[in-house]
A.B. asks: 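Sharing a structure with you now.
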Amino acid sequence: MATPFSGKLALVTGASRGIGAATAEALAKAGAHVILTARTVGGLEEVEERIHAAGGNATIAPLDLAENDSIARLAEAIGGRWDALDILVLNAAMLGTLAPVTAIDAKEFARLLTLNVMAQQQLISAFNPLLRASADASVIGVTSSVGANARPYWGAYGASKAALDNLLLAYGAEVANISKVKVAIVDPAATATKMRAQAFPGEDAATLKGPEVVGDAITRLIADGFETGTRIRVEA
């Protein structure tokens with residue numbers, strides 16, 4: 001792959017494994033300096049090592065996005081070192097327990113909404129100044145088909161993804177005429193990830209596409225350019 005992102009800065013959440021890790025590695029291969037965030041330090045270090053071994057550049061920032069002030073502290077640290085953020089990939093999320101709407105556990109639902117929705121809004125807000133300082137910024141939200149098409153027992157997770165989609169599209173419209181920030185939504189579809197295995201424990205992961213397919217698709221989308229409001233589904 002060429003290096004269209006040479007000199008660019010990217011931030012990828014949930015980057016310790018799966019789609020987040022694959023996206024971070026693809027962006028680094030394309031020349032970006034990638035900041036990797038997730039709760040799992042060991043996983044982040046492994047991704048960072050792979051990026052460096054492949055000749056790329058990355059910095060790890062272990063943190064819990066749902067923790068008080070963690071996002072503000074991250075934005076302050078990044079803003080103190082870099083002048084602009086060119087790529088923001090909002091990938092971190094939790095599935096929660098699949099259950100009927102009437103049986104959703106209130107405490108777990110609150111945790112799910114905190115990470116899948118509230119933390120995403122805080123990321124957008126905290127990094128908005130750095131994104132608007134970029135000459136060509138891209139914000140990519142990783143969603144799910146259940147956000148647009150309700151599925152039995154997926155009400156909690158689906159509701160969080162519907163809310164995320166709405167937040168992203170609203171933000172994109174708000175900054176479209178006053179900045180160079182563009183927003184797109186990516187539905188990975190069936191992909192061999194830990195979350196997928198949690199949702200479909202009897203499924204043969206070998207029959208699914210790997211996370212690298214999604215990471216490459218996100219990287220191509222940004223490199224090729226897109227209009228705000230673009231939504232793609234990554235098929236095998």
Side-chain angles (χ1 to χ4, degrees), residues 1 10-30 32 34 36-54 56 58 60 62 65 87-99 108 112 115-116 119-120 140-162 164-165 168 184-223 230-236:
M1 183 181 291
L11 171 62
V12 181
T13 68
S16 62
R17 63 172 184 260
I19 291 170
T23 301
E25 292 181 59
L27 290 171
K29 185 178 180 180
V34 185
L36 315 168
T37 72
R39 292 183 301 169
T40 309
V41 177
L44 290 176
E45 290 176 341
E46 291 174 4
V47 177
E48 181 186 36
E49 288 175 5
R50 292 199 298 268
I51 288 175
H52 288 167
I60 66 170
L65 295 176
I87 300 167
L88 173 60
V89 180
L90 302 173
N91 168 72
M94 66 175 285
L95 176 64
T97 303
L98 301 183
E108 182 183 66
L112 185 148
L115 176 59
N116 293 9
Q120 311 308 313
I140 307 296
V142 179
T143 190
S144 168
S145 61
V146 297
N149 302 294
R151 183 184 302 169
Y153 309 107
W154 288 71
Y157 182 71
S160 73
K161 287 302 183 180
L164 174 64
D165 292 0
L168 286 166
I185 297 172
V186 174
D187 176 3
T191 306
T193 64
K194 184 176 180 179
M195 182 183 289
R196 177 80 184 186
Q198 181 183 350
F200 300 96
E203 188 174 51
D204 182 2
T207 64
L208 306 174
K209 66 180 180 296
E212 68 280 357
V213 176
V214 182
D216 288 344
I218 290 174
T219 302
R220 285 195 303 271
L221 174 68
I222 300 170
T230 293
R231 183 182 182 112
I232 68 167
R233 180 178 171 87
V234 183
E235 302 293 352

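Keep in mind that the numbers below use all heavy atoms, side chains included, and drop hydrogens, waters and symmetry copies.
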A.B. asks: Quick one: ring pair (Phe, Tyr, Trp, His ring centres under 6.0 Å) partners of Y153, sequence neighbours excluded?
C.D. replies: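 Once residues adjacent in sequence are excluded, Y153 has no partner under the ring pair (Phe, Tyr, Trp, His ring centres under 6.0 Å) criterion.
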A.B. asks: Could you work out, with side-chain contact (heavy atoms from CB on, under 4.5 Å) as the rule, every residue matching T13, not counting sequence neighbours?
C.D. replies: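 Result, side-chain contact (heavy atoms from CB on, under 4.5 Å) vs T13: T37, L65, N91, A92, L123.
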A.B. asks: So, using side-chain hydrogen bond (donor to acceptor under 3.5 Å, both in side chains) as the criterion, who are the partners of T40 when residues are at least two apart?
C.D. replies: none
A.B. asks: Quick one: list whatever passes salt bridge (charged side-chain N to carboxylate O under 4.0 Å, His left out) with E45, sequence neighbours left out.
C.D. replies: none
A.B. asks: Is there side-chain contact between V214 and V142, with at least one heavy-atom pair below 4.5 Å?
C.D. replies: no
A.B. asks: Once rounded to the nearest 0.5 Å, what's the spacing between atom CG of L11 and atom CG of L90?
C.D. replies: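 One finds 8.0 Å between CG of L11 and CG of L90.
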A.B. asks: With sequence neighbours excluded, tell me which residues meet side-chain contact (heavy atoms from CB on, under 4.5 Å) with A162.
C.D. replies: none
A.B. asks: Take I222 and L27 through the side chain to side chain contact (heavy atoms under 4.5 Å, CB included) test and state the conclusion after the steps.
C.D. replies: CA-CA 10 Å; I222 300 170; L27 290 171; 4.3 Å; yes
A.B. asks: Under the side-chain hydrogen bond (donor to acceptor under 3.5 Å, both in side chains) test, which residues partner R151, sequence neighbours left out?
C.D. replies: none
A.B. asks: Got a sec, which residues hit side-chain contact (heavy atoms from CB on, under 4.5 Å) with A197, two or more places apart in sequence or on another chain?
C.D. replies: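 Partners of A197 by the side-chain contact (heavy atoms from CB on, under 4.5 Å) criterion come out as none, since no residue qualifies.
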A.B. asks: Closest heavy-atom contact between L44 and A15?
C.D. replies: CD2-C, 4.0 Å
A.B. asks: Just to verify, what does R39 make a side-chain contact (heavy atoms from CB on, under 4.5 Å) with, not counting sequence neighbours?
C.D. replies: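 Residues passing side-chain contact (heavy atoms from CB on, under 4.5 Å) with R39: D64.
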A.B. asks: Tell me every residue that passes salt bridge (charged side-chain N to carboxylate O under 4.0 Å, His left out) with E25, counting only those two or more places apart in sequence or in another chain.
C.D. replies: R50
A.B. asks: Nearest 0.5 Å, what's the CD1-CG distance between I185 and D165?
C.D. replies: 4.0 Å
A.B. asks: Quick check: closest heavy atoms across A184 and L221, and the distance to 0.1 Å?
C.D. replies: CB-CD2, 4.0 Å
A.B. asks: Under the salt bridge (charged side-chain N to carboxylate O under 4.0 Å, His left out) definition, can you give me all pairs with a residue in residues 201-215, not counting sequence neighbours?
C.D. replies: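 Checked against salt bridge (charged side-chain N to carboxylate O under 4.0 Å, His left out) - neighbours excluded - the pairs reaching residues 201-215 are R196-E203.
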A.B. asks: Is the backbone of T97 close enough, under 3.5 Å, to the side chain of E108 for a donor and an acceptor to pair up by distance?
C.D. replies: yes
A.B. asks: Look up atom CG in D187 and atom OG1 in T143, then write down how far apart they are to the nearest 0.5 Å.
C.D. replies: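 Here the rounded value is 6.5 Å.
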A.B. asks: Using side-chain hydrogen bond (donor to acceptor under 3.5 Å, both in side chains) as the criterion, list what pairs up with Q120, not counting sequence neighbours.
C.D. replies: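 For Q120, no residue satisfies side-chain hydrogen bond (donor to acceptor under 3.5 Å, both in side chains) once neighbours in sequence are set aside.
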A.B. asks: Within the distance-only criterion (no hydrogens, no angle test), does the side chain of K161 pair as donor or acceptor with the backbone N or O of A148 below 3.5 angstrom?
C.D. replies: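 Looks like no, no N/O pair under 3.5 Å.
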A.B. asks: Could you measure the distance from the CG atom of N116 to the CG atom of L95? Nearest 0.5 Å is fine.
C.D. replies: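 Going from CG on N116 over to CG on L95, the span is 9.0 Å.
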A.B. asks: Closest heavy-atom contact between V234 and A189?
C.D. replies: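 Smallest heavy-atom distance, with atoms named: O-CB, 3.4 Å.
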A.B. asks: Can you give me the closest heavy-atom contact between L36 and A58, atom names plus distance?
C.D. replies: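 Where L36 meets A58 most closely, the heavy atoms are CD1-CB, 4.2 Å.
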A.B. asks: Quick one: are I19 and V186 in side-chain contact, heavy atoms under 4.5 Å?
C.D. replies: no
A.B. asks: Would you give the length of the straight line joining atom CD of E235 to atom OG1 of T191, rounded to the nearest 0.5 angstrom?
C.D. replies: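 E235 atom CD to T191 atom OG1 measures 9.5 Å (nearest 0.5 Å).
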A.B. asks: For the atom pair CD1 (I87) and CD1 (I218), what is the distance rounded to the nearest 0.5 Å?
C.D. replies: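 Going from CD1 on I87 over to CD1 on I218, the span is 10.5 Å.
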A.B. asks: What pair of heavy atoms forms the shortest contact from A199 to L98, and how long is it?
C.D. replies: O-CD1, 4.1 Å
A.B. asks: Can you name the side-chain hydrogen bond (donor to acceptor under 3.5 Å, both in side chains) partners of S144, sequence neighbours left out?
C.D. replies: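 With sequence neighbours excluded, S144 shows a side-chain hydrogen bond (donor to acceptor under 3.5 Å, both in side chains) to no residue whatsoever.
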A.B. asks: Can you name the nearest heavy-atom pair linking M94 to L112, along with the distance?
C.D. replies: SD-CA, 3.6 Å
